[in-house]
Amino acid sequence: MKLEANEQSVSTGDTAAALWFEAKENCRLRHEPLGNPAQDKVLVRTLYSGISRGTEALIFKGAVPESEFERMRGPHMEGQFPFPVKYGYAAVGEVEKGPPDLVGRNVFALHPHQDRFILPSEQVTLLPEALPPRRAVLAANMETALNITWDAGVQPGDRVAVFGAGVVGTLVAYLASRIAGTETVLIDKDPTRRKLASDLDLTFAEPDMIEGEFDILINASAAPAALENAIAHAGFEARIVEASWYGDRMVSIPLGGAFHSRRLSLVSSQVGGIPSSRRARWTYRRRMSKALELLLDPRLERLISGETAFSELPDAYARILSTQDTLCHRIRY
């Protein structure tokens, strides 16, 4: 939706510009007070943010079920589901004000699309010196992929099938393939994703081309057919991880046939909780720092499929979400 005539596209003075979802498939930039950070907070000038296509599409379309309104609240989200809400969780920027050791440093924060924002210092994570800010917009996706890999329990030598060559699925396959001795296959019905897999040195297959049984099977496609395919190719006592979130859609899966005789495990994965096997040692902050480190491979830039200026975002947002070629779409401030 276009900006109203009396609105500006960037912040001025002590205000910030933020993207708000006003109603179903309707968004615009709002201006809101900003102020100065308190002693234990930082003022961040955003350089880039990333659109998480799957989650943000559900919110933009008003498809978050009422039962999930509280669980779906993102960090620093404002408003109430279904609308109006300010959402997003992949912001990279430079600290302009705050503790001396942070001023001038680049940081990542789980914050909605906004050109300047204030947060407690402990809620921003420093980027590794060698990580370009433009690639760091993938941090939330990498954090999710890391958590899925933990939930899956991938071990050296495992045969691993990952369904869905979107950003998260591709990152899961990327991580799993780097565990010694694993045979990892990235599976997607779109044959054009073969090039993406090849660029990251991953084995690719279309759904009807996979053969044999797997030890670990991960569905990151948000497609029930992929979950059914995973069950069909699961070996004895294999582990199936459902990493998709379906919003208000009902999903049917085949739990007859050999599901019980094979003693299959079907588990969920959600980035909001660290797996119990790691909870004693890993904090959310440590996990995010590790996710940023895992983005140092320059080939991962391949997961950025486009870029739009923040001032143009309200007009471009619906198109970005509806384009099937969109992976992570970067917003430039």
Side-chain angles (χ1 to χ4, degrees), residues 40-42 44 50 52 55 70-77 89-92 95 98-99 101-102 105-111 119-131 135-162 167-182 184 214-220 237-245 265-297 300 303:
D40 59 344
K41 295 186 177 183
V42 291
V44 178
S52 181
T55 302
E70 286 306 311
R71 277 187 286 265
M72 274 296 295
R73 289 192 67 85
H76 314 297
M77 165 187 147
Y89 48 79
V92 180
V95 176
D101 61 327
L102 293 179
R105 305 285 298 277
N106 291 328
V107 296
F108 178 88
L110 297 167
H111 197 280
L119 285 181
S121 301
E122 67 270 14
Q123 292 183 19
V124 300
T125 306
L126 285 171
L127 269 59
E129 291 291 342
L131 179 61
R135 194 186 312 144
V137 296
L138 292 166
N141 299 122
M142 180 61 89
E143 183 184 35
T144 300
L146 178 59
N147 216 62
I148 291 168
T149 307
W150 286 344
D151 281 323
V154 181
Q155 297 292 319
D158 280 343
R159 291 200 76 210
V160 182
V162 181
V167 178
V168 171
T170 301
L171 287 173
V172 171
Y174 172 86
L175 294 178
S177 70
R178 279 149 182 77
I179 297 173
T182 57
T184 301
F214 291 83
D215 305 294
I216 304 289
L217 304 99
I218 299 162
N219 183 28
E237 294 196 340
R239 187 174 182 87
I240 303 164
V241 179
E242 178 52 270
S244 308
W245 193 68
S265 296
L266 176 58
V267 302
S268 66
S269 180
Q270 211 283 329
V271 71
I274 294 173
S276 59
S277 61
R278 304 214 166 225
R279 206 166 293 161
R281 299 174 305 283
W282 285 81
T283 62
Y284 291 109
R285 189 173 186 83
R286 181 185 175 190
R287 186 180 65 179
M288 178 56 75
S289 294
K290 180 55 64 176
L292 287 163
E293 288 179 28
L294 291 169
L295 290 173
L296 289 173
D297 186 343
L300 295 175
L303 290 168

If the condition is side-chain contact (heavy atoms from CB on, under 4.5 Å), which residues does [X] pass it with, not counting sequence neighbours?
X	result
T144	I148, V168, V271
A145	L171, V172, L175
P99	V42, D101, L102, S121
N219	F163, S221, A226, L227, E242, S244, Y246

Original post:
Looking at residues at least two apart in the chain, or sitting in another chain, which of them share a salt bridge (Lys or Arg N to Asp or Glu O under 4.0 Å) with E70?
Top reply: none
**OP:** Quick one: list whatever passes salt bridge (Lys or Arg N to Asp or Glu O under 4.0 Å) with R105, sequence neighbours left out.
**Re:** E129
Between atom [atom1] of [X] and atom [atom2] of [Y], what is the distance when rounded to the nearest 0.5 Å?
X	Y	atom1	atom2	result
L146	W282	CG	CH2	6.5 Å
T182	R159	OG1	CZ	11.0 Å
I274	T283	CD1	OG1	6.5 Å
I216	I240	CD1	CD1	10.0 Å
H111	L119	NE2	CG	5.0 Å

Original post:
Does some side-chain heavy atom of L138 sit less than 4.5 Å from a side-chain heavy atom of V167?
Top reply: yes
Original post:
Any side-chain heavy atom of S52 within less than 4.5 Å of one from N141?
Top reply: yes
Who are the side-chain hydrogen bond (donor to acceptor under 3.5 Å, both in side chains) partners of [X], not counting sequence neighbours?
X	value
Q155	none
S269	D151
E293	K290
E237	R263

Subject >> Stepwise side chain to side chain contact (heavy atoms under 4.5 Å, CB included) check, S277 with W150 >> reply: CA-CA 9 Å; S277 61; W150 286 344; 5.9 Å; no
Original post:
With W245, which residues qualify under ring pair (Phe, Tyr, Trp, His ring centres under 6.0 Å), at least two apart?
Top reply: none
Non-hydrogen atoms of [X] and [Y] that approach each other most closely:
X	Y	result
N147	P275	OD1-CD, 3.3 Å
L217	A238	CD1-CB, 4.1 Å
L294	L300	O-CD1, 3.5 Å
V160	A176	CG1-CB, 4.2 Å
A90	V137	CB-O, 3.6 Å
M288	T125	CG-OG1, 3.6 Å

Original post:
Are the side chain of Y284 and the backbone N or O of G272 linked by a donor-acceptor pair below 3.5 Å?
Top reply: yes
**OP:** Would you check, one step at a time, whether the test side chain to side chain contact (heavy atoms under 4.5 Å, CB included) holds for R71 with Q270?
**Re:** CA-CA 11 Å; R71 277 187 286 265; Q270 211 283 329; over 6 Å; no
**OP:** Would you mind listing every salt bridge (Lys or Arg N to Asp or Glu O under 4.0 Å) that reaches into residues 265-288, with sequence neighbours excluded?
**Re:** E143-R287
Original post:
For T55 and M72, what are the C-alpha separation, side-chain angles and deciding distance, and is it a side chain to side chain contact (heavy atoms under 4.5 Å, CB included)?
Top reply: CA-CA 9 Å; T55 302; M72 274 296 295; 3.7 Å; yes
